[in-house]
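This report concerns only the one structure given below.
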There are 2 protein chains.
Amino acid sequence: MARLAGVSHQTVSRVLNHHPSIRPETKQRVLDVMAELQYKPNRAARALVTSRSRIIGILSASSTQYGPASSIAAIEAAARASGYWVSTANLESTDAASIADALAHLAAQSIEGLVVIAPQVRVLETLAEMSIDVPFVTLQSTGDEPIRTLSVDQIAGARLATRHLIELGHRNIYHLAGPQDWIEAEARMRGFLDEMSAQDVPTTAPILGDWTADFGYYVGRELLTVRDFTAIFSSNDQMALGLMHAVRDAGLDVPGDVSIIGFDDIPEAAHFWPPLTTVRQDFAELGRRCVALLLGDIDPTAVEHHSTIVPELIVRGSTSRPSF
Amino acid sequence: MARLAGVSHQTVSRVLNHHPSIRPETKQRVLDVMAELQYKPNRAARALVTSRSRIIGILSASSTQYGPASSIAAIEAAARASGYWVSTANLESTDAASIADALAHLAAQSIEGLVVIAPQVRVLETLAEMSIDVPFVTLQSTGDEPIRTLSVDQIAGARLATRHLIELGHRNIYHLAGPQDWIEAEARMRGFLDEMSAQDVPTTAPILGDWTADFGYYVGRELLTVRDFTAIFSSNDQMALGLMHAVRDAGLDVPGDVSIIGFDDIPEAAHFWPPLTTVRQDFAELGRRCVALLLGDIDPTAVEHHSTIVPELIVRGSTSRPSF
DNA sequence: TTTCGGCATGTTCACGGTCACACACGCCGG
DNA sequence: CCGGCGTGTGTGACCGTGAACATGCCGAAA
């Protein structure tokens with residue numbers, strides 16, 4: 001032990017914790033010895049005595065998708081910078097048992113904070129039931145939950161996308177939404193509907209999808225049998241990709257015959273054919289702010305509960321004026 | 001404490017550890033009390049005394065990409081099933097300091113195993129220097145490192161892709177490789193070169209890319225100014241996407257004028273225009289096997305050090321016979 | 001000079017588990 | 001009838017750290 005080599009025992013602890021009253025000389029001696037024997041403080045012992053784990057848990061679903069993955073990476077980076085560790089639990093299915101299992105797994109580590117990136121309504125409900133006793137933040141929000149959320153303003157983003165289509169002159173616009181129980185899907189749908197009615201454009205019922213390009217393709221084929229629209233607002237880029245695929249398969253042109261707009265701005269979106277007009281979300285910023293919120297770096301009284309990040313419209317080649 | 005409610009103290013510990021000699025009646029009593037007061041064993045205390053953290057560290061780069069993200073999710077699931085936790089550290093840059101920092105961060109948790117998904121040669125070198133004292137596995141391999149690796153057989157996959165192009169009749173084939181210091185990039189490049197020479201096709205020097213669709217697009221534009229080729233093998237799907245974008249921008253057709261084949265089979269690949277011919281890697285299986293290897297579930301003598309998973313060629317619409 | 005207060009450091013204890021060992025009990029064989 | 005053994009349970013030490021308290025030293029004030 002470092003204490004044998006140097007002098008004592010508590011002194012080492014004081015050096016580690018930057019206690020003020022330590023003679024610089026002593027401090028240096030301890031540091032030297034620590035370096036020499038590659039001393040590493042034992043986290044378990046520290047956690048035991050302080051009863052603080054310094055671990056932030058992340059409960060996520062669909063962590064292979066670009067958005068969640070980016071957020072996770074950003075959270076990890078921010079947490080690390082603050083001396084925290086991140087432990088993830090990924091949901092394989094969305095049933096209550098699976099959620100409870102993942103949550104129990106995280107709880108067993110006595111996490112100090114929890115970030116929920118599993119944006120199903122159901123997850124939040126289960127969360128509430130389990131009476132999680134640590135501060136937690138969800139990265140998605142419909143704007144009226146009684147919990148702490150932090151999100152890209154999905155509604156504003158969806159309105160941005162919808163307004164873009166309307167301003168181009170489209171009147172027959174479909175919305176391909178995400179799964180019904182996803183908070184984000186709901187928010188985007190709401191944004192779409194809000195903007196449509198604000199601009200007095202007649203609305204058709206949104207179609208519920210599952211975020212995958214496969215589904216977008218399938219829906220596209222179905223819709224094109226009728227073709228009573230000139231534009232589609234897809235609530236993510238993958239489905240937009242599938243839609244474009246279907247449009248081309250039908251021998252039609254994007255944006256000539258159908259304008260398509262996505263959501264997220266995944267890195268590939270600029271290279272789709274045609275390059276996809278979409279709404280950019282800054283996932284990394286989201287992750288950073290999320291940790292800041294959790295760790296209370298931000299004055300908790302100064303921060304609004306529903307802090308939002310404003311998304312940005314990225315106009316590329318998949319939207320144009322309708323041709324009729 | 002549960003011990004007050006029930007009877008004693010060590011008995012609780014024995015119940016927790018499934019010690020054989022406990023009377024079923026006593027065991028049940030303890031379990032009941034535990035359930036009642038929602039007793040959770042303190043991981044820190046246990047880790048302290050057993051000096052086992054039950055944490056597996058993951059060092060990853062580019063965790064926002066589909067492949068790594070899938071592997072991470074699979075590792076997490078497998079680890080959880082075995083009662084382990086997963087802690088991730090993501091590399092923001094590939095310099096030695098950043099690697100050392102991430103590694104130190106993981107080491108500070110006294111991880112019991114390490115999975116390296118940051119597939120740069122440099123990472124492995126730094127790893128060796130830091131003399132990591134836990135078992136570790138890398139998910140990438142050129143096949144001749146003296147370390148424990150587990151990987152999709154990249155070389156075989158690259159040969160599969162190359163052979164496909166050659167069999168279609170292509171003779172002027174470019175290879176758009178990944179960054180030079182990435183192990184996977186190197187392996188795929190090697191597979192490409194091996195197959196080309198095995199089939200006696202003259203080879204041009206591979207072009208080094210950076211995995212992004214942006215780069216693929218850029219390279220595509222450059223290459224098309226000369227146009228001395230009929231096919232390109234891109235070492236991932238994103239760059240293939242960029243390439244196809246560039247080809248179309250030049251007014252040419254895929255696969256009519258240029259055949260393009262990718263690598264990975266990301267979920268979107270089937271919906272690119274045209275649907276991308278590519279090589280599928282089973283990342284999830286990789287993650288599972290990886291944990292099994294680490295935890296020694298597999299008889300360590302029975303397992304080869306360089307266990308591999310065979311990738312699969314997925315033929316779609318971006319490749320065809322050359323048209324001349 | 002004595003006393004007091006602050007600084008630098010040492011000592012003791014507690015955190016919540018596991019481990020090694022001790023103990024009580026009932027059963028068996030010599 | 002007694003000693004040994006196996007079963008089920010309790011006792012005490014210990015893991016490495018930080019908090020609370022104690023100690024020794026020195027300089028300034030009384």
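Predicted model, so just to flag it, every value in this text is computed and none were measured. Just so we're on the same page: letters track the sequence lines, and every chain starts at 1.
- One interatomic measurement links the two molecules: NE2 of A:His19 to C1' of D:dT17, which rounds to 15 Å at whole-angstrom precision.
- If you check C:dG16, D:dG16, D:dT9 against the side chain of B:Thr11, the one that comes closest is D:dT9.
- Distance from the side chain of A:Val49 is smallest to D:dG18 among C:dG16, D:dG18, D:dG8.
- Taking only side-chain nitrogens and oxygens, A:Asn17 comes nearer than 4.0 Å to OP1 or OP2 of D:dG18.
- Of the two residues contacting DNA chain D, namely B:Leu48 and B:Thr26, the nearest-nucleotide position lying further toward the 5' end is that of B:Thr26.
- A heavy-atom distance below 4.5 Å is found between the side chains of B:Leu16 and B:Met34.
- Residue B:Arg23 contributes atom CZ, which lies 14 Å from atom C1' of D:dG10 at whole-angstrom precision.
- At the phosphate of C:dC19, neither OP1 nor OP2 sits under 4.0 Å from any side-chain N or O atom of B:Ser13.
- If you measure from atom CD of A:Gln28 to atom C1' of C:dA8, you get 17 Å, rounded to the nearest angstrom.
- Looking at heavy-atom distances under 4.0 Å, B:Lys27 makes no contact with the nucleic acid at all.
- Rounded to whole angstrom, the span from the OH atom of A:Tyr39 across to the C1' atom of D:dG16 amounts to 7 Å.
- The base of D:dG18 lies close enough to the side chain of A:His9 for a donor and an acceptor atom to sit less than 3.5 Å apart.
- If you measure from atom CZ of B:Arg54 to atom P of C:dG17, you get 16 Å, rounded to the nearest angstrom.
- No hydrogens or angles considered: a donor-acceptor pair under 3.5 Å links the side chains of A:Gln154 and A:Gln281.
- Distance, B:Ile22 CD1 to D:dG10 C1': 11 Å, rounded to whole Å.
- Contact annotation for B:Arg43: no contact, since no heavy-atom pair falls under 4.0 Å across all strands.
- Residue A:Glu92 qualifies as open at atom CD: its count of foreign heavy atoms under 6.0 Å is 12 or below.
- Between A:Arg46 atom CZ and C:dG16 atom P the separation is 18 Å, expressed in whole Å.
- By the 4.5 Å heavy-atom criterion applied to side chains, A:Ile72 and A:Ser63 are counted as neighbours.
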Taking it one step at a time, do B:Thr88 and A:Glu76 satisfy side chain to side chain donor-acceptor pair (under 3.5 Å)?
CA-CA 7 Å; B:Thr88 49; A:Glu76 189 272 313; 5.5 Å; no
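- Here D:dA20 presents its P atom at 11 Å from CD of A:Gln10, a figure rounded to the nearest Å.
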